[in-house]
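Keep in mind that this is a model prediction, so the values were computed, not measured. Heavy-atom basis, side chains included; hydrogens, waters and symmetry copies ignored.
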Amino acid sequence: MPSRKPDALQGSLDLLVLKILSRRPGLHGYAIMSAIGGMSEDVLRAEEGSLYPALHRMEEAGWIRAQWVTKDSGRRARVYDLTAEGKKQLGSEESRWEAISAAINRVLREA
């Protein structure tokens, strides 16, 4: 199994969160962390100390909106949804990621 580095998500956490919320709206923070791990087959892991500040920052930027809901268990959870501005930002993040990935691939092929 590949080793996980703490900075594995550096620069891509916004992209991952926005993409997950575009596919699965209404998730709470733990569910987003679980989705990142599950979809990446546990290669990527978002830690609470990175995820929650990122969610707060994205909410302040208007890319996501949060609301408190009461679950069937009676527990309250803060769930997140993508906004129209967030959909635009997702497009920008995807384009940026594609450019970075292509550049990295060029470097790897040249070596």
Starting at CD of Glu110, measure out to CG of Leu108 and round the result to the nearest 0.5 Å. 10.5 Å

Residues Ser12 and Trp97: closest non-hydrogen pair is CB-CZ3, 4.2 Å

Output for pair (Arg96 CZ, Asp14 CG), nearest 0.5 Å, gives 8.0 Å

Co-membership, hydrophobic cluster, residues Leu13 and Leu44, 4.5 Å side-chain: yes

Stepwise side chain to side chain contact (heavy atoms under 4.5 Å, CB included) check, Val17 with Leu51: CA-CA 9 Å; Val17 169; Leu51 179 64; 3.7 Å; yes

Begin with the C-alpha distance, continue with both residues' side-chain angles, and end with the deciding distance and a verdict on side chain to side chain contact (heavy atoms under 4.5 Å, CB included) for Glu94 and Leu18. CA-CA 10 Å; Glu94 286 177 323; Leu18 293 172; over 6 Å; no

Donor-acceptor side-chain pairing of Gln89 and Glu93 below 3.5 angstrom: yes

Can a donor-acceptor pair be found, under 3.5 Å and without considering hydrogens, that links the side chain of Ser50 to the backbone of Ala46? no

Among the clusters formed by ILVMFWY side chains lying less than 4.5 Å apart, do Ile20 and Tyr52 turn up in the same one? yes

Is a salt bridge present between Arg45 and Glu47, judged by a nitrogen-to-oxygen distance below 4.0 Å? yes

Would you give the length of the straight line joining atom CG of Leu15 to atom CD1 of Ile100, rounded to the nearest 0.5 angstrom? 9.5 Å

How long is the straight-line distance from NZ of Lys87 back to CD1 of Ile64, given to the nearest 0.5 Å? 14.0 Å

Evaluate whether atom CZ of Arg76 has more than 12 neighbouring non-hydrogen atoms of other residues, nucleotides or ligands under 6.0 angstrom away. yes

In the structure I gave you, are the side-chain heavy atoms of Met39 and Leu16 within less than 4.5 Å of one another anywhere? no

Which side-chain hydrogen bond (donor to acceptor under 3.5 Å, both in side chains) pairs, counting each pair once, include a residue from residues 24-33, with sequence neighbours left out? none

Derivation and outcome, side chain to side chain contact (heavy atoms under 4.5 Å, CB included), residues Tyr80 and Ile32: CA-CA 9 Å; Tyr80 300 90; Ile32 294 169; 4.2 Å; yes

Using a 3.5 Å distance criterion without hydrogens, assess whether the side chain of Thr83 forms a donor-acceptor pair with backbone atoms of Trp63. yes

Salt bridge check, Arg78 against Glu59: does any charged N sit closer than 4.0 Å to a carboxylate O? yes

Using side-chain heavy atoms (C-beta onward) and a distance below 4.5 Å, is Arg75 in contact with Thr70? no

When you measure from the side chain of Asp81 to the backbone of Gly26, do you find a donor-acceptor pair of N or O atoms at a distance under 3.5 Å? yes

Any sub-3.5 Å donor-acceptor pair from Ser22's side-chain atoms to Lys19's backbone N or O? yes

